[in-house]
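First the structure, in the form of structure tokens, and then the observations on it.
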Amino acid sequence: MLDINLLRNNFKEIKKNLQKKGFEFDEKTFESLDSERKRLQIDTESLQEKSNILAKEVAQEKDQDLKDQKLKDAKKISTDLKEVKAKLDSALEELNNFLLEIPNVLSEDVPDGKSEENNQIIYEKGSIPEFSFKIKDHQELGELSNGINFEESVTIAKSRFVVLRKQIAKLHRALVQYMLDVHIENGYEEIYVPYLVNKNSLVGTGQLPKFEEDLFKISNEEMYLIPTAEVPVSNVYRNKILNSEELPINFVAHTPCFRSEAGSYGKDTKGIIRQHQFDKVELVKFVHPEDSENELDKLTKDAESILNNLNLPYRKVILCSGDTGFASSKTFDLEVWFPSQKTYREISSCSNFRDFQSRRMKIRIKQSKENIFCHTINGSGLAIGRTLAAILENNQTEQGSVIIPEVLVNYMGGTKELNLSR
RNA sequence: GGAGAGGUGGCUGAGUGGUUGAAAGCGCUCCCCUGCUAAGGGAGUAUGUGGUAAUCCCGCAUCGAGGGUUCGAAUCCCUCCCUCUCCGCCA
């Protein structure tokens with residue numbers, strides 16, 4: 001959520017900024033909502049004041065006639081008050097709903113652009129493998145030894161789910177363990193959180209009210225499956241005031257993520273790139289506003305270190321204005337190379353939300369004069385399924401085996417190569 | 001799931017309809033005095049929001065959340081959430 005005072009005073013500038021994201025800020029509606037709110041609030045509060053004063057006088061009035069008169073007046077005010085208060089409440093709600101649907105403003109250094117194609121490559125790292133044989137995609141590789149099975153997952157659930165078996169399932173687990181260990185080593189605190197969250201948490205991080213259709217909702221309760229660990233982990237401190245000495249706070253969490261993928265029919269139907277359920281190791285930071293740019297770079301580097309250590313070829317891009325998400329002010333994507341698609345695919349998305357989420361969640365930092373909203377930053381470190389798929393594809397051999405990256409060998413119980421053809 | 005108890009400021013803990021935004025104690029901050037294995041005195045110490053650009057000033061709201069009764073609610077009523085104890089069930 002944006003600072004309403006900023007909107008009141010700088011809406012020209014903000015409007016221009018939001019246009020780059022493809023959002024048209026309706027200042028007419030805003031101004032009428034805000035002025036209506038102001039009028040009603042002033043009316044309500046002055047009536048309330050009168051009512052409070054009269055109530056005290058009634059209590060102290062000894063003269064019965066005067067007391068009766070005051071009681072009569074007080075009753076009248078009370079009825080009027082109820083009426084204006086109701087109007088104020090609905091005005092405030094309307095204004096709030098309006099504000100909740102406004103995206104975050106962009107950082108100055110975010111490049112202009114309409115869509116994905118305008119994202120800017122910052123650099124490419126690692127060497128793209130050359131194959132002297134006809135390569136298989138990760139699904140084909142996984143199916144060689146029934147390590148990836150889509151028939152069983154359809155029987156159990158439906159499409160866009162997967163069953164992993166044997167060495168592939170173990171590699172999946174190894175990746176989780178490895179990533180957690182690296183991030184803990186780098187100063188992140190491991191945290192385990194609920195996979196079902198309430199509505200307020202989703203409003204807090206910005207998934208609601210605008211993106212309800214992307215979520216799985218539990219039918220018998222007002223709860224949702226998490227689309228990312230960002231939601232429960234960020235909300236750990238909702239409504240809390242943090243001491244500045246304890247910042248930055250760094251969390252790492254491994255959770256499954258559930259996404260309805262509404263509107264992505266026919267997209268990435270092959271393999272495990274786009275699933276309703278996938279695992280992810282997520283990094284979340286709560287930082288002082290002054291440090292957030294710097295901390296975003298640090299978090300992105302921490303996510304990159306996994307790709308580097310796994311020897312996967314990847315590139316770092318900065319998302320252009322039109323591709324930057326609703327709540328983000330600036331986002332770096334890390335994209336890993338998929339030989340079968342001859343292209344880079346997103347494997348991590350690292351964003352600085354500034355005070356957009358913390359204002360919604362009411363997470364503040366204790367200051368001597370006025371408490372301020374902290375900044376939140378998060379990013380994947382990394383998406384497990386896609387990392388698994390990338391390893392299978394990039395490390396395959398002509399014999400249909402897959403070389404295990406060195407850093408994972410111990411996590412695989414010493415296995416250096418998966419012989420999938422057997 | 002059944003029975004009972006309870007949710008008050010950073011913490012402990014008073015308060016069952018009227019200057020209570022909230023006693024008291026602890027903690028913390030500042031000042032003064034004294035000076036020595038210490039202590040004493042004083043002041044301050046929640047959050048949000050509006051009037052305003054504003055540290056000051058004034059108003060309004062907040063005693064788990066949301067409704068209700070009343071001129072007036074931390075105090076009474078209803079719904080929900082949470083915590084604790086006992087029973088049941090269960091990984």
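All values below come from the heavy atoms of this structure, side chains included, with hydrogens, waters and symmetry mates left out. To find a chain, count down the sequence lines: A is the first, B the second, and so on, and within it residues start at 1.
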Do A:Lys210 side-chain atoms and A:Glu101 backbone N/O form a donor-acceptor pair below 3.5 Å? yes
In plain terms, say whether A:Asp73 and A:Lys70 are close enough for a salt bridge, that is, a side-chain N and a carboxylate O under 4.0 Å apart. no
Who does B:rU37 pair with, Watson-Crick or G-U, both distances under 3.5 Å? none
With a 4.0 Å limit, can you tell me whether A:Asn52 has a side-chain N or O closer than that to the phosphate oxygens OP1/OP2 of B:rG72? no
B:rU70 C1' sits how many Å from A:Lys72 NZ, rounded? 19 Å
Taking the nucleotide of RNA chain B with the closest heavy atom to each, which residue, A:Lys38 or A:Ser46, is nearer the 5' end? A:Lys38
Could you please name the option among B:rG18, B:rU49, B:rU19 that lies closest to any side-chain atom of A:Gln60? B:rU19
Using the C1' atom in both, what is the distance from B:rA61 to B:rG9, to the nearest Å? 16 Å
Figure out the NZ/P separation between A:Lys56 and B:rG17, and round it to whole Å. 19 Å
Quick note, A:Lys82 side chain, CB onward, closest among B:rG50, B:rU47, B:rU69 is B:rU69
Using a 3.5 Å distance criterion without hydrogens, assess whether the side chain of A:Arg274 forms a donor-acceptor pair with backbone atoms of A:Asp268. no
Base, sugar-phosphate alone, or nothing: which one does A:Ala74 contact when heavy atoms must sit under 4.0 Å apart? sugar-phosphate
Suppose we define a pair by two distances each less than 3.5 Å, Watson-Crick or G-U wobble; what does B:rU70 pair with here? none
According to the Watson-Crick and G-U wobble definitions, with both distances under 3.5 Å, which nucleotide is paired to B:rG25? B:rC11
Quick note, A:Arg37 side chain, CB onward, closest among B:rA61, B:rG18, B:rG50 is B:rG50
A:Glu49 has its side chain closest, among B:rG51, B:rU69, B:rG59, to B:rG59
Using whole Å, what does the distance between atom P of nucleotide B:rG64 and atom CG of A:Asn239 come to? 15 Å
In whole Å, measure the gap between the C1' atoms of B:rA22 and B:rU12 for me. 16 Å
Taking a pair to mean Watson-Crick or G-U wobble geometry with both distances below 3.5 Å, B:rC86 pairs with B:rG2
Atom C1', compared across B:rA3 and B:rC89: separation rounded to whole Å: 16 Å
Distance, C1' atom - from B:rC63 to B:rG44, rounded to whole angstrom: 22 Å
Taking the same atom, P, in B:rG2 and in B:rU62, what whole-Å distance lies between them? 33 Å
Heavy atoms from C-beta onward define the side chain here; which of B:rG48, B:rG18, B:rC60 lies closest to that of A:Arg364? B:rG48
Rounding to a whole Å, what distance do you find between A:Lys67:NZ and B:rU70:C1'? 14 Å
Sorted by position of nearest nucleotide on RNA chain B, 5' first, the leading residue of A:Lys50 and A:Leu71 is A:Lys50
Using the P atom as the point on both nucleotides, what is the distance between B:rC11 and B:rA65, in whole Å? 15 Å
Just to confirm, is there a sub-4.0 Å distance from OP1 or OP2 of B:rG72 to any side-chain nitrogen or oxygen of A:Ser51? no
With A:Val105, which of A:Ile14, A:Asp3, A:Asn10, A:Leu6 fulfils side chain to side chain contact (heavy atoms under 4.5 Å, CB included)? A:Ile14
Should the heavy atoms of other residues, nucleotides or ligands under 6.0 Å from NZ of A:Lys85 be counted, would the total exceed 12? no
Considering only atom P, compute the distance from B:rG10 to B:rU85 and round it to an integer number of Å. 25 Å
Only pairs with both distances under 3.5 Å count, Watson-Crick or wobble alike; so what is the partner of B:rG50 in this structure? B:rC58
Separation of B:rC80 C1' from A:Asn198 CG (nearest whole Å): 14 Å
Over how many whole Å does the gap from A:Gln48 atom CD to B:rC58 atom C1' extend? 16 Å
A:His276 side chain near A:Glu261 side chain, heavy-atom distance below 4.5 Å: yes
Is the positively charged end of A:Lys15 above the ring of A:Phe25, judged by distance under 6.0 angstrom from the centroid and angle within 45° of the axis? no
Any strand counts, and the cut-off is 3.5 Å on both contacts for Watson-Crick or G-U wobble. Which nucleotide pairs with B:rU19? none
Hey, is the side chain of A:Glu45 pairing donor to acceptor with the base of B:rG50 inside 3.5 Å? no
Across the strands shown, which category fits A:Ile77 at heavy-atom distances under 4.0 angstrom: base, sugar-phosphate, nothing? nothing
Rounded to whole Å, CG of A:Leu92 lies from C1' of B:rA61 at a distance of 11 Å
Pairwise P distance, B:rG18 and B:rA73 [rounded to whole Å]: 11 Å
Taking pairing as Watson-Crick or G-U wobble with both contacts under 3.5 Å, can you name the mate of B:rC30, or confirm there isn't one? B:rG42
Pair A:Tyr237 and A:Phe286, ring centroids less than 6.0 Å apart: yes
In whole angstrom, what separates A:Arg39's CZ from B:rG50's C1'? 16 Å
